[in-house]
Novice: 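Pasting in a structure now, in structure tokens, and then I'll have a few things to ask.
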Amino acid sequence: MGILVVGSVAFDSVETPFGKADNVLGGSATYFSTAASYFSEVSLVAVVGEDFPNEHIDFLKSKGVDVNGLQKIPGKTFRWQGQYDYDLNEAHTLATHLNVFERFQPKIQEVYRKSPYVFLANIDPDIQWSVLDQVEKPKFAACDTMNFWIESKPDALKKLLSRVDLFVLNEGETREFAKEPNLIKAAKKILSYGPKTIIIKRGEYGALMFNGNSIFSAPAYPLELIFDPTGAGDSFAGGLMGYLANTDDTSESNIRQAIIFGSVMASFNVEDFSLDRMRTLTLKEIYKRYKEFKQLTHFEDIS
Ligand code: AMP
């Protein structure tokens, strides 16, 4: 079962307490599709400028990502500049240059319109909406966002949520979007906007899933070395959606397993800058870490 993803493909400049990287490959759809490619077929729809080198496109192709929907148009590629302090859970955006995304009107080609799994990666909620208008109702639609859109287009985002099955966002964004400091109350409020399930990413504290009245808590993998948290959220979503599409099962118990695969992908991604860890990552390492997660959270029931 294939996934259609629409989101940003970017040049990122990132500074963490452990080093910095300038104009490296980034973007929500880039991280998502690379992580998802380990589990499922994935087709990417996005736009880049003429300054985007073919080597990055070749990297995505080497992962088996279908890049036929990646357009190159006159202008500059989207650029994001961010910085992290010792608290790596929070990215500070220093600059966002939408560039070619300012005029981007995604045209979903006929072949992608029947995709059973659709992921609207972090991008303008109006663009996310127009994608849903063009596809046949997917079996499972999910979306992500970030504070930039919560602050600039909250109403468009709220409207979009009535059309998705799953919404993933991080802890700070949850509080900001719901205007509610308590995470449980905030989650309930966001669920009332429409999605069946929401997953709150909590960085090094793991992830929380809210589905009706049920809550599932997953830990994060305890890592000693975290170089660059950029893309952790998108890699999480890529692992999660990739696993759901691979198994073609969106039951709650399968979403729980998918959350662990998402957490595994996020934990690998932060071990190096940009997508560099994904260049060498193997499926064998992914399965090994999944088992370590199982061990990490295992405890006996009381009799
Ligand atoms: P995350 O997984 O949340 O760390 O996402 C990081 C990625 O989001 C970076 O590679 C950025 O290029 C991309 N990004 C940052 N700001 C935006 C934005 N406003 N719209 C779309 N993508 C963005």
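If you read the sequence from its start, that first residue is 1, and numbering goes on from there.
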Novice: Could Arg277 and Glu271 be called an ion pair, given the rule that one side-chain N must be under 4.0 Å from one carboxylate O?
Specialist: yes
Novice: Below 4.5 Å, heavy atoms only, C-beta onward: do Phe216 and Ile255 meet side chain to side chain?
Specialist: no
Novice: Compare every heavy atom of Gly203 with every heavy atom of Asn89, then report the nearest pair and how far apart it is.
Specialist: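 The answer is OD1-CA, 3.3 Å.
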Novice: Could you tell me whether a side-chain N or O of Ser40 sits under 3.5 Å from a main-chain N or O of Ala36, the two making a donor and an acceptor?
Specialist: no
Novice: With Gln128, which residues qualify under side-chain hydrogen bond (donor to acceptor under 3.5 Å, both in side chains), at least two apart?
Specialist: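 Checked Gln128 against side-chain hydrogen bond (donor to acceptor under 3.5 Å, both in side chains); zero matches.
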Novice: Please report the interatomic distance CD(Gln109) to CD(Gln134), rounded to the nearest 0.5 Å.
Specialist: 10.5 Å
Novice: Between Thr34 (side chain only) and Tyr31 (backbone N and O only), is there a donor and an acceptor less than 3.5 Å apart?
Specialist: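 Checked: no pair found.
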Novice: State whether the side chain of Tyr38 and the backbone N or O of Leu281 hold a donor-acceptor pair below 3.5 Å, judged by distance alone.
Specialist: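 Between the backbone of Leu281 and the side chain of Tyr38 there is a qualifying donor-acceptor contact (under 3.5 Å).
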Novice: At their closest point, which heavy atom of Gly27 faces which heavy atom of Asp12, and how far apart are they?
Specialist: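 Here Gly27 and Asp12 meet closest at N-OD2, 3.9 Å.
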Novice: Could I get the full list of ring-ring contact (aromatic ring centres under 6.0 Å, His included) partners for Phe59, not counting sequence neighbours?
Specialist: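 None.
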Novice: Calculate, to the nearest 0.5 Å, the distance between atoms CG and OG belonging to Leu60 and Ser37 respectively.
Specialist: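 Spacing of CG (Leu60) from OG (Ser37) equals 8.5 Å.
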Novice: What residues form a ring-ring contact (aromatic ring centres under 6.0 Å, His included) with Tyr290, not counting sequence neighbours?
Specialist: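 For Tyr290 the ring-ring contact (aromatic ring centres under 6.0 Å, His included) partners, ignoring immediate neighbours, are Phe261.
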Novice: Mind checking the CG-CG spacing from Leu160 to Leu132? Nearest 0.5 Å is all I need.
Specialist: 6.0 Å
Novice: Is the backbone of Ala186 close enough, under 3.5 Å, to the side chain of Arg175 for a donor and an acceptor to pair up by distance?
Specialist: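 Checking the backbone N and O of Ala186 against the side chain of Arg175, no donor-acceptor pair under 3.5 Å is found.
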Novice: Evaluate whether atom NZ of Lys63 has more than 12 neighbouring non-hydrogen atoms of other residues, nucleotides or ligands under 6.0 angstrom away.
Specialist: yes
Novice: State the CG-CG distance between Leu166 and Leu161, to the nearest 0.5 angstrom.
Specialist: 10.5 Å
Novice: If I compare all heavy atoms of Phe119 with all of Ala237, which pair ends up nearest, and what's the gap?
Specialist: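 Closest approach of Phe119 to Ala237, heavy atoms only: CZ-CB, 3.5 Å.
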Novice: Can you name the closest pair of heavy atoms from Thr16 and Pro229 and give their distance?
Specialist: CG2-CD, 4.2 Å
Novice: Do Thr197 and Phe210 touch side chain to side chain, with heavy atoms closer than 4.5 Å?
Specialist: no
Novice: Is it true that a side-chain atom of Ser115 and a backbone atom of Gly2 form a donor plus acceptor pair closer than 3.5 Å?
Specialist: no
Novice: Taking Phe52's backbone N and O only, do any of them form a donor-acceptor pair with Lys72's side chain (distance below 3.5 Å, no angle check)?
Specialist: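 Such a contact is found between Lys72 side chain and Phe52 backbone.
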Novice: Within a strict 4.5 Å, meaning less than it, do heavy atoms of the Leu44 and Val9 side chains meet?
Specialist: yes
Novice: Mind checking salt bridge (charged side-chain N to carboxylate O under 4.0 Å, His left out) for Glu292 and listing every partner two or more places apart, or none if nothing turns up?
Specialist: Lys288
Novice: Have a look at Trp149 and tell me which of Asp126, Asp144, Asn122 forms a side chain to side chain donor-acceptor pair (under 3.5 Å) with it.
Specialist: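 With Trp149 as partner, side chain to side chain donor-acceptor pair (under 3.5 Å) holds for just one option, Asn122.
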Novice: Within a radius of less than 6.0 Å around CG of Asp133, do more than 12 heavy atoms belonging to other residues, nucleotides or ligands occur?
Specialist: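 Yes, because the 6.0 Å sphere around CG of Asp133 holds more than 12 heavy atoms from other groups.
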Novice: Determine whether Ser235 and Phe268 make a side-chain contact, defined as any pair of heavy atoms from C-beta on separated by less than 4.5 Å.
Specialist: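 Result no, sub-4.5 Å side-chain heavy-atom pair not found.
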Novice: Show the nearest heavy-atom pair for residues Ile199 and Ala207, with the distance to one decimal.
Specialist: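 Reported closest heavy-atom pair: CG2-CB, 4.2 Å.
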Novice: Is any NZ, NE, NH1 or NH2 atom of the basic residue among Lys158 and Asp155 found under 4.0 Å from an Asp or Glu carboxylate oxygen of the other?
Specialist: no
Novice: Under the side-chain hydrogen bond (donor to acceptor under 3.5 Å, both in side chains) test, which residues partner Asn99, sequence neighbours left out?
Specialist: none
Novice: Can any side-chain N or O of Lys189 pair as donor or acceptor with the backbone N or O of Ala178 at less than 3.5 Å?
Specialist: yes
Novice: Taking only residues two or more places apart in sequence or in another chain, which ones pass side chain to side chain contact (heavy atoms under 4.5 Å, CB included) with Asn170?
Specialist: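 Result, side chain to side chain contact (heavy atoms under 4.5 Å, CB included) vs Asn170: Glu173, Lys201.
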Novice: For the CD1 atom of Ile259 and the CD atom of Gln257, what is their distance to the nearest 0.5 Å?
Specialist: 11.0 Å
Novice: Given side chain to side chain contact (heavy atoms under 4.5 Å, CB included), test Leu120 with Trp129 step by step and report yes or no.
Specialist: CA-CA 9 Å; Leu120 308 165; Trp129 179 272; over 6 Å; no
Novice: Would Asp249 and Ser251 satisfy side-chain hydrogen bond (donor to acceptor under 3.5 Å, both in side chains), going step by step from the backbone distance to the final call?
Specialist: CA-CA 6 Å; Asp249 174 357; Ser251 64; 2.9 Å; yes
Novice: Among pairs that include at least one residue of residues 221-237, which meet salt bridge (charged side-chain N to carboxylate O under 4.0 Å, His left out), considering only residues two or more places apart or in two chains?
Specialist: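 Qualifying pairs: none.
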Novice: Does Glu15 form a side chain to side chain contact (heavy atoms under 4.5 Å, CB included) with Leu94? I'd like the steps, not just the answer.
Specialist: CA-CA 10 Å; Glu15 201 170 335; Leu94 303 179; 5.8 Å; no
Novice: Within the 4.5 Å heavy-atom criterion, are Tyr117 and Asp248 side-chain neighbours or not?
Specialist: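 Of all side-chain heavy-atom pairs linking Asp248 with Tyr117, at least one is under 4.5 Å.
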Novice: Please determine if Arg289 and Glu285 form a salt bridge, counting it only when a charged side-chain N lies under 4.0 Å from a carboxylate O.
Specialist: no
Novice: Dump the intermediate steps for side chain to side chain contact (heavy atoms under 4.5 Å, CB included) on Tyr112 and Asp66, then the final yes or no.
Specialist: CA-CA 11 Å; Tyr112 302 135; Asp66 167 14; 2.7 Å; yes
Novice: Is there a side-chain contact between Thr247 and Phe39 in this structure, where contact means two heavy atoms from C-beta onward sitting under 4.5 Å apart?
Specialist: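 No, side chains not in contact.
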Novice: Considering residues at least two apart in sequence or located in another chain, which fulfil the side-chain hydrogen bond (donor to acceptor under 3.5 Å, both in side chains) criterion with Ser62?
Specialist: none
Novice: Sort and list the pairs that fulfil salt bridge (charged side-chain N to carboxylate O under 4.0 Å, His left out) and have at least one residue in residues 254-263, not counting sequence neighbours.
Specialist: Glu252-Arg256
Novice: Could you work out, with side chain to side chain contact (heavy atoms under 4.5 Å, CB included) as the rule, every residue matching Ala266, not counting sequence neighbours?
Specialist: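 Testing Ala266 for side chain to side chain contact (heavy atoms under 4.5 Å, CB included), a comparison that skips the adjacent residues, returns Ala232, Phe236.
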Novice: Looking at Tyr193 versus Phe177, is the centre-to-centre ring distance below 6.0 Å?
Specialist: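 Under 6.0 Å, so yes.
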Novice: What orientation do Phe293 and Tyr221 show, parallel under 30°, tilted 30 to 60°, or perpendicular over 60°?
Specialist: tilted
Novice: Taking C-beta and beyond as the side chain, do Phe104 and Ile73 meet within less than 4.5 Å on heavy atoms?
Specialist: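 No, too far: nothing below the 4.5 Å cut-off.
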Novice: Can you list everything that forms a side-chain hydrogen bond (donor to acceptor under 3.5 Å, both in side chains) with Lys107? Sequence neighbours excluded, please.
Specialist: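 So Lys107 forms no side-chain hydrogen bond (donor to acceptor under 3.5 Å, both in side chains) with any residue.
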Novice: Do Asp165 and Thr250 touch side chain to side chain, with heavy atoms closer than 4.5 Å?
Specialist: no
Novice: Which value, rounded to the nearest 0.5 Å, describes the distance between Phe18 atom CZ and Leu88 atom CG?
Specialist: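 Reported to 0.5 Å precision, the distance equals 5.0 Å.
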Novice: For Tyr84 and Thr230, which I'm curious about, is there any donor-acceptor pair between the side chains at under 3.5 Å?
Specialist: yes
Novice: Which pair of heavy atoms, one from Pro219 and one from Thr297, lies closest together, and at what distance?
Specialist: CG-CG2, 3.2 Å
Novice: Not counting sequence neighbours, which residues clear side chain to side chain contact (heavy atoms under 4.5 Å, CB included) with Asp51? List them please.
Specialist: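 By the side chain to side chain contact (heavy atoms under 4.5 Å, CB included) rule, Asp51 matches Phe11, Lys76, Thr77, Arg79.
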